[in-house]
Each structure stands twice: as structure tokens, then as C-alpha cells.
Visitor: 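Take this structure, written in C-alpha cells, and hold onto it; I'll ask about it next.
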Amino acid sequence: MLLILPVTLYCLFLYERKHLETADALCRSVLVSQVFVLIVNNLLSIFHVLNGTSVFLSYLLFFVCILILYGHRYGSRPEFLFFLKKKERTGEKEPVSSRILCGVLIAFMAGLSLVLLYGAIFTVPYNYDSMTYHLARIGHWIDFESVNHYVCNIDRQIYSPVLAEYNLLHILLLSGNDSFANFLQYAAMLITAYFVYQTARKLGATKLFSYFGAFVFLFMPLTISQAITTQNDLFGAMFFVLFLYELLDVIYLPNITLEKTQAAQIMRLGIWVGLAYLAKTSICASMLFFMPWLLTVCLKRKDEVGKLLGSVGIAAGAIVVTIAETLIRTFLSGGRLMMDTASGDISVATKNVSYILVNILKNFSLLITQHLYRPLNGFVYRLAIGLGEKLHVEVNNEAIAFHGFDFLHHMNMGEDMYSHDKTPSAFAAYFAVCAGVLMLILLVQCLYFSKKNKTLPLSERIDIKQPLHILGFEISVWLSFGFIMALLRWQPWGTRLLYPALAMTVIGSTVVFDFYLTKAKRTTAYAVVAVLSLLVFALALPSVSYNLTQANAFVENGCKDRMDYYYFGNHQEGNFRTMLELSKDRGDEDIGVSISGDGYDYPLWLEYHNGYSAAKLRHIIVEFEDTKDGSGSVIAKTGSTSDAPDAILFSQKGDFGPDDELSYGGCTYRCVWASEDRASSYFVRN
């Protein structure tokens with residue numbers, strides 16, 4: 001059944017490519033496919049029929065519709081069994097040396113992609129976020145055949161962005177398991193790398209430097225660590241780069257006229273923002289910093305105010321329609337369209353500029369860690385502490401330190417520095433800094449030539465249109481990256497939160513370097529690319545070896561005992577399996593779950609899904625009254641709903657022993673089993 005998904009998407013791509021260039025067709029295909037996912041999940045959820053069969057039929061219907069549209073528009077069928085015809089090449093042919101270097105870069109990128117494909121196939125999902133909410137929420141959706149609001153002990157399952165999990169839900173339903181769950185981020189990696197190249201090309205970079213940009217992105221340790229997980233940071237970065245790719249089309253328009261094609265372009269920009277919101281909400285804040293550039297361009301070309309306001313209306317409408325389902329769900333859950341818990345305490349809790357500057361340096365220190373020359377790692381750490389002393393800022397103040405974590409104690413140089421949420425990307429960070437210096441030089445040059453052009457005849461004026469576009473993009477990238485470093489309260493696991501914005505700096509850095517180096521001797525440009533590529537490769541190796549550890553262990557074990565690998569960070573397998581056997585022996589099918597925010601909800605669901613599919617787990621909210629009877633042996637509790645389940649299990653929550661009692665929904669329950677630490681227990685209805 002899973003094959004229907006890639007076949008349908010490929011058919012959609014063929015349809016779009018028939019009248020568009022390859023990059024534009026792929027961009028449009030991703031957008032349409034994600035809108036389709038949103039519609040299908042919400043429509044089927046209304047009737048509580050969101051299951052493998054209905055999703056398969058939805059894709060089949062989509063596939064048939066594409067075939068009909070293809071035949072109606074082009075009078076033929078898509079050439080599924082043939083390679084795509086190459087578009088005719090235009091422009092100057094690249095020099096031999098450049099083609100050789102491009103070929104080497106492509107070969108290394110292909111090699112890494114194959115290695116990570118191995119990792120994506122054999123890495124059993126195990127990270128904390130996936131076990132507690134990314135995949136855990138999917139288990140509930142599958143059991144109740146709906147993505148509608150549900151009561152949950154782990155609020156991140158309710159308020160966190162949903163789009164990555166919507167796609168994973170289809171993968172799990174169509175495949176029947178999570179063996180292909182890592183493929184979503186892996187596919188996002190390939191698409192993002194491709195559009196890093198295409199966006200650089202659209203900004204005027206040469207093929208060599210555009211390939212180098214894709215190479216830098218692909219070999220970022222953060223990319224490597226994300227590509228074989230069920231996280232959503234790389235997935236979110238994909239929407240960011242696709243937004244930038246389409247934004248350039250609007251930037252390059254001669255004027256805003258809002259004719260049909262332009263209106264569609266602006267509507268797509270709005271949809272990209274909405275999809276980014278549903279994929280990784282913080283990315284929208286980064287996108288916002290490209291708007292001053294767009295506004296400046298519109299004012300410079302003297303676009304009509306009415307047309308600009310119309311464009312804003314179209315884009316805003318597209319955003320609201322795209323995110324409406326999440327806004328409605330959040331309102332049902334918390335009575336507000338946006339909850340504080342959606343961002344929680346990860347944002348800085350101060351407006352004091354001094355504290356924010358120190359916070360920026362602290363966040364930057366996470367990214368620049370590397371293994372080649374360790375003394376360099378402490379430079380930004382010392383800089384942040386020194387700046388804090390001069391500005392009278394306590395670096396561990398909770399306003400700029402997540403839960404007050406000690407900055408020096410959690411320097412990003414431990415054994416786990418290449419895990420998916422701590423991975424640094426030193427080259428990309430330093431590359432951005434160097435490009436920032438060149439950006440300032442370019443700014444001075446543009447100001448100088450702009451002033452000089454006013455004194456020259458029209459025929460003698462210097463064309464600075466492309467440098468201005470490069471400058472606008474690079475300034476926007478830096479504002480975007482700087483803002484996210486200022487916004488996010490420093491935490492030891494913060495690199496993945498900075499990742500999408502950092503990844504976009506690679507495009508700007510590449511284009512700026514290309515602008516200056518292509519003016520030098522070709523051999524100089526080639527030498528710089530070759531040396532920097534070797535450095536990028538060397539910095540990426542530890543991340544590859546570290547992140548393949550789980551896949552290698554699984555393969556060495558003969559790909560057996562898959563369930564054991566989910567418990568890598570929380571060894572609750574004994575407790576979960578004991579409770580499963582109790583449920584099976586008693587025949588309990590409606591099971592209420594009260595679990596801590598750190599509880600491994602997904603492995604618990606998997607144990608029941610694979611070992612006792614008749615049972616359905618549902619979260620219930622148990623209010624602790626801390627009252628006991630005279631003997632102290634009976635503990636009274638109250639439930640927030642009246643639908644009492646057959647049994648209630650507690651996981652890493654509470655303090656219960658055998659024969660303790662609680663009341664829920666008007667019924668009395670008795671504890672028949674408790675773990676040694678009394679944090680996990682199983683209650684049955686009397």
C-alpha cells in the first residue's frame with residue numbers, strides 16, 4: 001500500500017514538469033502534496049474514518065485525478081517507465097576545471113546520501129521528542145482514526161506543530177509500521193539541498209558555488225543528525241528554502257499588477273508561510289525578516305499602494321486558511337488560538353538589550369563547536385562571559401538560560417555533542433560570519449556606486465541590480481538568523497532550534513563568496529572551493545559515525561528485537577510489558593493512561609498495538625487530592641470526565657502501592673501492580 005504514495009507524488013511531479021522547469025515543478029508538487037495531506041487528514045477525521053484503507057483510497061483517487069488532468073491538458077499519459085527528458089541547456093558552458101570540481105562535489109553528496117539512506121532504513125526511532133510526542137500523538141490518531149482534539153497529559157502532543165506527523169501518519173498507516181518513518185526527514189534533506197542549489201543559482205551564483213552551497217548544507221552535522229530521525233527541524237527547513245525560492249520570483253517582478261499569475265504567486269507565498277507554521281512555528285519568525293527586503297523592492301519600483309495592500313490580503317488569507325485547522329484545535333484544547341505552552345519557556349524572558357546580546361553569543365557558541373582544534377571552541381564561550389561581566393549580566397540568569405542551566409558546565413563538547421539536538425555546525429556558522437563581513441563591504445560598495453551613478457550619464461551608469469539583490473538577501477538572512485539567536489533562550493540542546501535559520505545562511509554566504517571570488521582568478525576560486533570542501537568533509541565525519549551507531553547496532557543484531565531499541569533513553573520496557581500482560585489476562589480493552597510529560601508514550605502504545613490490538617489507550621486527567629482514609633491505605637482521586645475506563649495505568653506518575661485505591665468518573669479502582677519505585681502502577685475497576 002505504501003507504494004501508492006511515491007507513485008502519486010511522482011505522477012504529480014510529471015504533470016507539473018510538463019509545463020514548468022524541473023525546480024518549479026518540484027516546488028509546486030511539494031506544495032500541492034502538503035495541501036492534500038492537510039485536506040485528507042481533516043476531512044476523514046470529521047467522520048472518524050482516518051485509517052489505512054481510507055488514506056490509500058484517497059491517494060488512489062488523487063492519482064486518478066492527476067491522470068485525467070494530464071490527459072485532458074496534454075492529450076497523453078505520463079511516461080512512468082521512461083527517464084525524464086532533459087531540458088535544453090542554455091548559457092555558457094562551464095570551464096573543464098569547474099565541471100570536474102562540480103562532479104567531485106556531486107559524487108561526495110551522492111555518497112553521503114547513500115550512507116544516510118542506510119541510516120534512515122535501519123535506525124529505529126529512539127529520540128526523546130519522538131517517543132513523548134512526535135510519534136506518540138500518531139498512535140492516538142491511529143487508534144481513534146482522527147486527528148481531532150483529544151485529552152492528553154503531555155501538552156506537546158496537543159500544541160506542537162502537526163504537519164510532519166500528518167505525513168508520518170500516512171506513512172505508518174500505508175506501511176503498517178514505522179520502518180519508513182525516517183524517510184520523511186531524509187526526503188526533506190534531498191529536497192532542501194536541491195533548492196539550496198537552485199536558490200543560489202536564481203540569485204546569480206555560478207554552478208560551482210551553487211553546488212558548493214548544497215555541499216555545505218548536506219554536510220552540515222546538523223543536517224546529518226536530522227536526516228535519520230523522526231524530528232521535524234529538517235522538514236521545517238525545507239519549507240523555509242521553498243519559500244525563499246518562490247520569494248525571489250516576486251522580488252524579480254517588474255511590478256505588482258495582481259494579474260492571475262502574480263496573484264497565484266503571492267497566494268503560494270502565503271501557503272508556504274502557513275505550511276511552515278504547521279511544520280515548525282518558529283520558522284515563521286525567521287521568514288518575517290525577509291519582508292523588509294520585499295517592501296523595499298516594492299517601494300523602489302514604485303508599486304501601487306492598492307496593489308500592495310491587495311497582495312497582503314491575498315497572502316494573509318492564504319496563511320489563515322492553511323493554519324485554520326490548528327488554530328481551531330488549539331482553541332478547543334485551551335480556549336485560545338495560540339497557547340503559551342506552544343513556545344513554552346524556550347523564548348527569552350527579558351527585553352533588556354544587554355541580556356539579549358549575551359544570549360546571542362551563548363547560542364552562537366553552541367554552533368561553532370568542532371573537534372579539529374579544541375582551543376577554538378572556548379573562544380565564544382569566553383567572549384560571552386566577558387561581555388556578560390562588562391554589561392553586568394549573569395550568564396546563567398533564567399531569563400537567558402533554560403531552567404537556569406549552567407553555561408560552562410554544559411559546553412557542547414561532551415560525548416553526545418553530535419546527537420540530533422546538540423549537533424554543532426561550525427563551518428556553516430563561521431562561513432556566515434565571514435560572509436557577513438563581505439556583506440558589509442558590499443553594502444559600502446553599493447552605496448558608493450549608487451551615489452556615483454547619480455552623477456553619470458544614463459549610458460555610463462554601473463548596473464548594480466544583481467549586487468543589490470545579493471545584498472538584500474544576505475541582510476535578510478542575517479536578520480533572520482540573528483533574531484532567532486536572540487529569541488531562543490540558551491539551552492544545551494538548542495542547536496536544532498537554530499538549524500533552519502542557520503541552513504538558510506548557507507545560501508547567502510555562498511552567493512556572497514561567489515560574487516567576490518568569481519571576479520578573481522579562476523584558479524583562486526577553485527582552490528578556495530576545494531580547500532573549504534575538504535574542511536567541510538572533515539568536520540562532518542564525526543557526525544556520520546556517531547549518528548549511525550544505532551543503525552549499526554540494529555544491523556549487527558540481525559535486525560531483531562526492534563522493540564528494545566525504542567527504549568534507548570528511558571528503560572521502561574519491563575514496566576510496560578508487565579502492564580500489557582495484565583491487560584491481556586484481564587481482558588481490559590478501554591485503558592486510561594496517566595503519564596508524565598517525560599513518559600515514553602509511543603513505546604507504550606506500540607507494546608499494546610503489537611501485543612494486544614483489541615485494547616485502546618486513551619489519556620485521562622487524574623486530579624490528585626492527596627486525601628487518605630483513617631488507615632492511610634486508601635488514596636482518593638477524582639477524574640475530570642465521567643467515562644470511566646476498564647483500567648487505569650500510571651507511567652512515571654504518582655506514588656502507588658498494591659491495594660491502594662482511587663476514584664475516577666464515579667468508579668473506584670484498586671491497584672493490582674506497582675513498580676519497585678512506585679512511579680508506575682496498574683489499577684482495575686472494582
Visitor: Under the side-chain hydrogen bond (donor to acceptor under 3.5 Å, both in side chains) criterion, do Tyr128 and Asp598 qualify, and how do the steps go?
Guide: CA-CA 8 Å; Tyr128 167 87; Asp598 292 332; 2.3 Å; yes
Visitor: Can you spot which of Asp129, Thr423, Asp421 makes a side-chain hydrogen bond (donor to acceptor under 3.5 Å, both in side chains) with Arg496?
Guide: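 When side-chain hydrogen bond (donor to acceptor under 3.5 Å, both in side chains) is applied between Arg496 and each of Asp129, Thr423, Asp421, only Asp129 qualifies.
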Visitor: Classify the ring geometry of Tyr567 against Phe576: parallel below 30°, tilted from 30° to 60°, perpendicular beyond 60°.
Guide: tilted
Visitor: Do side-chain atoms of Arg489 reach the backbone of Ile400 as a donor and acceptor pair under 3.5 angstrom?
Guide: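 Absent.
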Visitor: Between Asn377 and His371, is any side-chain donor less than 3.5 angstrom from a side-chain acceptor?
Guide: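 Judged by distance alone, the side chains do not pair up.
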Visitor: So, does Ser543 use its side chain to make a donor-acceptor pair with the main chain of Ala540 at under 3.5 Å?
Guide: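 Answer holds: no.
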Visitor: Phe515 and Phe209: ring-ring contact (aromatic ring centres under 6.0 Å, His included), yes or no, with the steps?
Guide: CA-CA 10 Å; Phe515 181 77; Phe209 274 88; over 10 Å; no
Visitor: Check whether the side chains of Ser130 and Asn127 place a donor and an acceptor atom closer than 3.5 Å, and report yes or no.
Guide: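 Yes - a donor-acceptor pair under 3.5 Å links their side chains.
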Visitor: Assess, by modelled atom type and distance only, whether the side chains of Thr229 and Gln185 contain a donor and an acceptor separated by less than 3.5 Å.
Guide: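 There is such a pair (donor and acceptor under 3.5 Å, judged by atom type) between the side chains of Thr229 and Gln185.
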Visitor: Distance alone, cut at 3.5 Å: any donor-acceptor contact between the side chains of His134 and Gln231?
Guide: yes
Visitor: Any luck finding a side-chain donor-acceptor pair between His420 and Gln226 under 3.5 Å?
Guide: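 On atom types as modelled, these side chains do not qualify, holding no pair under 3.5 Å.
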Visitor: Decide if the gap between the ring center of Phe473 and the ring center of Trp478 is smaller than 6.0 angstrom.
Guide: no
Visitor: Using only atom types and a distance under 3.5 Å, with no angle test, would you say the side chain of Asn557 pairs donor to acceptor with the backbone of Cys559?
Guide: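 Looks like no, no N/O pair under 3.5 Å.
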Visitor: Please tell me whether Asn570 and Gln652 have a donor and an acceptor in their side chains that are separated by less than 3.5 angstrom.
Guide: yes
Visitor: Parallel, tilted or perpendicular: which describes the rings of Trp493 and Phe405, with under 30° parallel and over 60° perpendicular?
Guide: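 Perpendicular.
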Visitor: Show your working on ring-ring contact (aromatic ring centres under 6.0 Å, His included) between Phe402 and Trp490 and close with a plain yes or no.
Guide: CA-CA 6 Å; Phe402 185 73; Trp490 176 86; 9.4 Å; no
Visitor: Nearest 0.5 Å, what's the NE2-CD1 distance between His140 and Ile154?
Guide: 12.5 Å
Visitor: Would you tell me whether Asp677 and Ser675 have side-chain atoms, one donor and one acceptor, within less than 3.5 Å of each other?
Guide: yes
Visitor: May I have the step-by-step check of ring-ring contact (aromatic ring centres under 6.0 Å, His included) for Tyr565 and Tyr126, ending in yes or no?
Guide: CA-CA 7 Å; Tyr565 291 85; Tyr126 66 92; 9.3 Å; no
Visitor: Which word best sums up how the rings of Phe650 and Phe656 line up, parallel for under 30°, tilted for 30 to 60°, or perpendicular for over 60°?
Guide: tilted
Visitor: Tell me whether Arg156 is salt-bridged to Asp601, with the criterion being a basic N under 4.0 Å from an acidic carboxylate O.
Guide: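 A salt bridge is absent here (no side-chain N lies under 4.0 Å from a carboxylate O).
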Visitor: Taking the six-membered ring of Phe235 (Phe, Tyr or Trp), confirm whether the NZ or CZ of Lys280 is under 6.0 Å from its centre and within 45° of its axis.
Guide: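 That pair does not qualify as a cation-pi contact.
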Visitor: Could you state the interatomic distance from CG (Leu366) to CG (Leu361), rounded to the nearest 0.5 Å?
Guide: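 Atom-to-atom, Leu366:CG and Leu361:CG are 11.5 Å apart.
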Visitor: Could you tell me if the ring centre of Phe122 sits under 6.0 Å from that of Tyr118?
Guide: yes
Visitor: With under 30° as parallel and over 60° as perpendicular, where do the rings of Phe215 and Phe212 fit, or are they tilted in between?
Guide: parallel
Visitor: Give the ring-plane orientation class for Tyr546 versus Tyr418, where under 30° counts as parallel, over 60° as perpendicular and anything between as tilted.
Guide: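 Tilted.
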Visitor: Hey, is CZ on Phe379 packed in by over 12 heavy atoms from elsewhere, all under 6.0 Å?
Guide: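 Check fails, neighbour count at 12 or below.
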Visitor: Take a 6.0 Å sphere around CZ of Phe108 and say whether it holds more than 12 heavy atoms from other residues, nucleotides or ligands.
Guide: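 At most 12 heavy atoms, drawn from other residues, nucleotides or ligands, come within 6.0 Å of this atom.
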Visitor: Would Trp605 and Tyr600 count as a ring-ring contact (aromatic ring centres under 6.0 Å, His included) if you check the C-alpha gap in whole Å, the side-chain angles of each, and the deciding distance to 0.1 Å?
Guide: CA-CA 9 Å; Trp605 174 79; Tyr600 267 35; over 10 Å; no
Visitor: Does His409 NE2 have over 12 foreign heavy atoms under 6.0 Å away?
Guide: no
